[in-house]
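Note that the numbering runs from 1 along the sequence shown for the chain. Counting starts at 1 for both ligands and their atoms, following the listed order.
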Amino acid sequence: MSTVHSHRAGDIAVLTIDNPPVNAMSMAVRADLVAAVRSAASDAAVRAVVLIGANGKFIPGADIREFGKPITGPSGRDVIAAIEAAAKPVVAALAGHALGGGLEIALGCHWRVATPGCQLGLPEVKIGLLPGAGGTQRLPRLVGAARALEMITSGQPIGARAALDCGLIDAVVEGELLDAALEFAQRVLAEARPLRLLSACNDRVAGTDLALFDELLSKNAKKWRGLIAPQRIVDCVRAACTQPFEQGYALELASFDECKASPQRAALIHLFAAERDVARIPGLSADVAARTVASAAVIGAGTMGGGIAMCFANAGIPVWLLDTNADALTRGRALIEKNYATSVARGSLTQERMDRALGLITGTLEYAAIADSDIVIEAAFEDMAIKQQVFRQLDAVMKPAAILATNTSTLDIDKIAAVTTRPESVIGAHFFSPANVMKLLEVVRAAKTSPQAIVTTMALARTIGKVGVLAGNADGFIGNRILAVYGRECDFLLEEGATPWQVDRALQGFGFPMGLYLMRDMSGLDVGWRIRQYREQFRDKRLRYSPIADRLCELGRFGQKTAKGYYLYDGRNATPDPAVEALIEQVAKELNIARRAVSDDEIVTRVLTAMANEGLKILGEGIALRAGDIDVAYVHGYGFPRHQGGPMYWADQRGWGAVYETVRHYHASQGALWAPAPRLVEMAARAQAFEQG
Ligand code: 3H9
């Protein structure tokens, strides 16, 4: 069956792209489009063509699932060539999403009309690509180089009104889109307008100030470090401004092919799929529907509680902020106001939106006030007795349908649920600091948590702009359990010969925005110290343990806040401290470890291998549902570089056989901490991978 249906509306041919669920431009769609356009072109009774998508959607781009597979048949460029060759007016009627190759097809048409809700953009950069069907050449010719660069390098779509303002579309149409597009086409015919081919329009790019390109590159030098696509996009748009269309078009194709072949593209597309899979929870009946969350409450007005309250307010959900201490409530409110004011000063938030958000946050000292909230998130002090006391009170006051969530990062949620009469309503909602910024939300399923509580909290994650990852109730859940291993191996590497700055440099070289030690210094070393002091009683003393972090804390070096941690600080500027190197050498001596030269490569391989091995253990224990969930958690909660795909994807690419060899090597020298995950042995033996093809 064809993916493009043709019918006639008088002397206008209507070509409807129909490829559920989203009308992605697959190989079949491209072939059918070329055939349909050619047929309309050769039909003498057809005077104009309207190109539209079925089900209120245009095209969200090429079919992402086909990248990496052999491509046959016509390309997006061939579709546009057919439109240009038709030599009849072609009007693109846009609704839903006109993205990537979809927008490029629209740019290949002579005119574009869109519904008010339509989103238009070239998001290829987000999956490691650049527009490959002329987007880098036609968009600047239509909207100017600066606007085009902004759209293509950010990948952010714009709305129909903004598109009209910048000239990307010719009209925003209310009412029935097809009728409006037909009317537009009739007007074009009646006025005998000359066909406008963007490839031949140079007035918007002529005279572009070429300094623009270098400025953009230097402004984004840090953000784009190691990324291929953004650099190539800048080159292509520069070519649009300095070279004839055909040359720029050829450069774009070569750059597209380079990006398509790169491991970055594959890693980013892996994440695109993993980010969608993460919402699917096997084993839950399809009848379980998420409850609406129209009101919320947060217990504890500290930094975390305030940040969580901001998440609700930003999503337009009224939220109570409860603290039993009036001063804490005042301080919490002031901190929220300060955070919003910073965003307004930076220009990322309008005063109006700040006022609206603040208006949605109401402080209270009384549990009775929050009783009707659909969800309550406890963000009190990380202490079991305190949390249990909070949950007893919640159990007493909250309406029966409320979800009772805890933001604990270390405590056993079953023990918290046990003090209530409704453990099925108790769930973990583990936010990451700063809660209003970090995208990850670990949703933790305790033994008795109901499917409805899970589904509702997962849906809520999306509503408040987070990526929800479902985790099992075990020490550290997914993220912090792997973080413990990551930190442990970095600390051992210090004892064995590396320095904090070398470890950070190696990790940043891999793509982390910040190395582990800079990150620890930023978040404060005392927090982890307190947790370690409490846990000391449970620690298995037979296993290797690095005392370096404790030693620093004993010296009052808590990181940035005390101007000394692993580094020395002048404000936020970090410099290596020889005293820390001396301390590390001293520790190594006490532990009888002979320090040696450690390479950056060893640091990266050892740390990532340890993470992947732990990830497999987590999977085997059922704490994470899928390898991709671990990747998503690491990318959104721990700064793992997107273009590397996540720790499990990294291991997949390296090959689990090689990972197993590395694990065995360290197991022999380090002992039980490096015990291979049972699943690792199996995967290595079968040369398996999570990502097939
Ligand atoms: C490109 O165009 C290159 C060209 O320049 C080359 C020359 C031609 N392909 O996100 P959702 C699936 S590169 C295949 O949950 P939403 C998606 O996987 C492309 N499938 O819905 C999911 O399937 P499932 C540039 C696609 O409403 C289902 O549709 N374009 C594609 O929240 C629903 O998706 C992009 O990068 C696709 N292109 O968001 C846009 N798009 O249920 C990528 C979606 O089985 N897409 N699916 O998991 C998006 O940003 C969002 O999906 C969109 C809808 C905004 C469209």
Would [X] and [Y] pass as an ion pair if we require N to O under 4.0 Å?
X      : Y      : result
Glu275 : Arg642 : yes
Asp170 : Arg196 : yes
Glu104 : Arg138 : no
Arg77  : Glu252 : yes

Next item on the list: Could you pull out all residues at least two apart from Arg626 that satisfy side chain to side chain donor-acceptor pair (under 3.5 Å)?
Entry: Asp629

Ligand 1: protein N/O within less than 3.5 Å of ligand N/O:
residue	atom	partner	partner atom	Å
ligand 1	2 (O)	Ala62	N	2.8
ligand 1	2 (O)	Gly101	N	2.8
ligand 1	5 (O)	Glu104	OE1	2.6
ligand 1	5 (O)	Glu124	OE2	2.7
ligand 1	5 (O)	Gly132	N	3.0
ligand 1	9 (N)	Ile64	N	2.9
ligand 1	10 (O)	Arg276	NE	2.7
ligand 1	10 (O)	Arg276	NH2	3.0
ligand 1	30 (N)	Pro60	O	2.8
ligand 1	32 (O)	Arg462	NH2	3.0
ligand 1	38 (N)	Ala62	O	2.9
ligand 1	48 (O)	Arg280	NH2	2.7

Item checked: Evaluation steps, side chain to side chain contact (heavy atoms under 4.5 Å, CB included), between Met25 and Asp63 -> CA-CA 5 Å; Met25 193 164 59; Asp63 189 328; over 6 Å; no

